[in-house]
Amino acid sequence: QESVLLVQNKIKQILNQKLNYMVKKENLGVELLVLKWPKNKRNFILEKKVIEYIDKLNLQEFFLFFDGIQIHNDGCIIVRGFDSNNQFTKLRKKIFEKFPEIPIKQSNLVHVPIGRILTEINKEDSYKLIDLVKTTRAKNEFFPIEKINSIKIIHEEKWYMEKRSTIKTWNLKK
């Protein structure tokens with residue numbers, strides 16, 4: 001979280017007063033998959049089925065490695081992650097294949113959303129952001145390795161976890 005805050009502050013300095021949003025420290029998390037997009041109705045039956053399915057899995061702790069930030073054309077800023085033995089990626093794929101009613105629009109990346117640039121930026125700021133991206137990727141230890149020992153199903157009522165409720169938490173086995 002501290003590493004993310006440092007990067008967010010550097011981005012804010014580059015953007016100066018340009019419109020942006022940075023995810024609060026307490027709202028940071030790795031996104032496994034999305035069961036419902038904001039415009040869709042909440043599907044309680046799907047949630048229940050996914051919970052029952054995960055309950056039956058024998059999930060083990062695993063490690064995520066992070067490799068710098070990435071800034072998308074739509075302004076979304078993420079920290080790029082990789083899971084140690086593809087456990088995270090395999091879990092996402094299993095759930096997605098088991099439940100075809102899950103929205104097709106999904107990120108295939110292991111990532112932590114950390115913010116969004118909400119306005120166009122000029123070339124000078126764009127080059128500064130490119131340099132920052134390169135800096136975060138050049139140092140493998142810029143972001144620490146994280147041990148993932150729990151996963152949660154969360155109902156997000158407002159973007160970037162501003163308003164949410166935890167439906168279920170699974171503690172992963174050592």
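One-based numbering along the sequence shown.
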*In sequence, state the C-alpha distance, the side-chain angles, and the governing distance for Asp83 and Lys90, and then conclude on salt bridge (charged side-chain N to carboxylate O under 4.0 Å, His left out).*
CA-CA 10 Å; Asp83 55 305; Lys90 288 175 185 173; over 6 Å; no
*Mind running side chain to side chain contact (heavy atoms under 4.5 Å, CB included) on Lys24 and Met161 for me, showing each step along the way?*
CA-CA 9 Å; Lys24 294 175 184 167; Met161 308 296 267; over 6 Å; no
*Show the numbers, then the answer: is there a side chain to side chain contact (heavy atoms under 4.5 Å, CB included) between Val79 and His111?*
CA-CA 6 Å; Val79 177; His111 70 286; over 6 Å; no
_Derivation and outcome, side chain to side chain contact (heavy atoms under 4.5 Å, CB included), residues Asn86 and Thr89_ = CA-CA 5 Å; Asn86 287 329; Thr89 308; 4.3 Å; yes
_I'd like to know whether Arg116 forms a side chain to side chain contact (heavy atoms under 4.5 Å, CB included) with Ile77, so could you lay out the CA-CA distance, the side-chain angles of the two residues, the decisive distance to 0.1 Å, and finally the verdict._
CA-CA 5 Å; Arg116 187 175 291 271; Ile77 308 162; 5.8 Å; no
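Geometrically, Lys105 engages Trp37 in a cation-pi contact, judged by NZ or CZ lying under 6.0 Å from the ring centre and within 45° of the ring axis.
Leu57 is listed as a side-chain neighbour of Leu91, based on a closest heavy-atom distance under 4.5 Å. With a 4.5 Å cut-off on side-chain heavy atoms, Val110 and Leu64 count as touching. Here the side chains of Ile54 and Ile151 are in contact, with some heavy-atom distance below 4.5 Å. Residues Glu146 and Phe66 meet the side-chain proximity criterion, which asks for heavy atoms closer than 4.5 Å. For the pair Leu129 and Ile117, the minimum side-chain heavy-atom distance is below 4.5 Å. For the pair Glu31/Val112, no side-chain contact is recorded, criterion being any heavy-atom separation below 4.5 Å from C-beta on. Between Arg92 and Leu33, the closest side-chain pair of non-hydrogen atoms falls below 4.5 Å.
The closest side-chain donor-acceptor pair between Asn58 and Lys173 falls under 3.5 angstrom.
The structure places CD of Glu2 at 7.0 Å from CG of Leu6, a figure rounded to the nearest 0.5 Å. Annotation: the span from Lys94 atom NZ to Phe99 atom CZ amounts to 12.0 Å, rounded to 0.5 Å. Note that the CG atom of Asn171 and the OG1 atom of Thr169 stand 7.0 Å from one another [nearest 0.5 Å]. With values rounded to the nearest 0.5 angstrom, Asn27 atom CG is found 13.5 Å from Lys163 atom NZ. Atom CG of residue Leu118 and atom CG of residue Leu15 lie 9.5 Å apart, to the nearest 0.5 angstrom.
For the pair Arg42 and Glu47, the salt-bridge criterion is met [side-chain N within less than 4.0 Å of a carboxylate O]. Between Glu156 and Lys36, no side-chain nitrogen of the basic residue sits less than 4.0 Å from a carboxylate oxygen of the acidic one, so the salt-bridge criterion is not met. Glu52 and Lys56 are not joined by a salt bridge, as no carboxylate oxygen comes within less than 4.0 angstrom of a charged side-chain nitrogen. Salt-bridge check for Lys147 with Glu61: passed, with a basic side-chain N closer than 4.0 Å to an acidic carboxylate O. At a threshold of 4.0 Å, the pair Lys168-Asp55 counts as salt-bridged, since one of the basic side-chain nitrogens sits closer than that to a carboxylate oxygen.
Within 6.0 Å of CD on Glu120 lie no more than 12 heavy atoms contributed by other residues, nucleotides or ligands. Sparse packing is recorded around NZ of Lys98, with 12 or fewer heavy atoms of other residues, nucleotides or ligands lying under 6.0 Å away. No more than 12 heavy atoms of other residues, nucleotides or ligands sit less than 6.0 Å from atom OH of Tyr127.
Ring pair Phe143/Phe65: centre-to-centre distance not below 6.0 Å.
Between Phe88 and Phe62, the ring planes are tilted. Angles from 30° to 60° get that label.
Contact record, Asp67 with Phe82: CB-CE1, 3.4 Å, taken as the closest heavy-atom pair.
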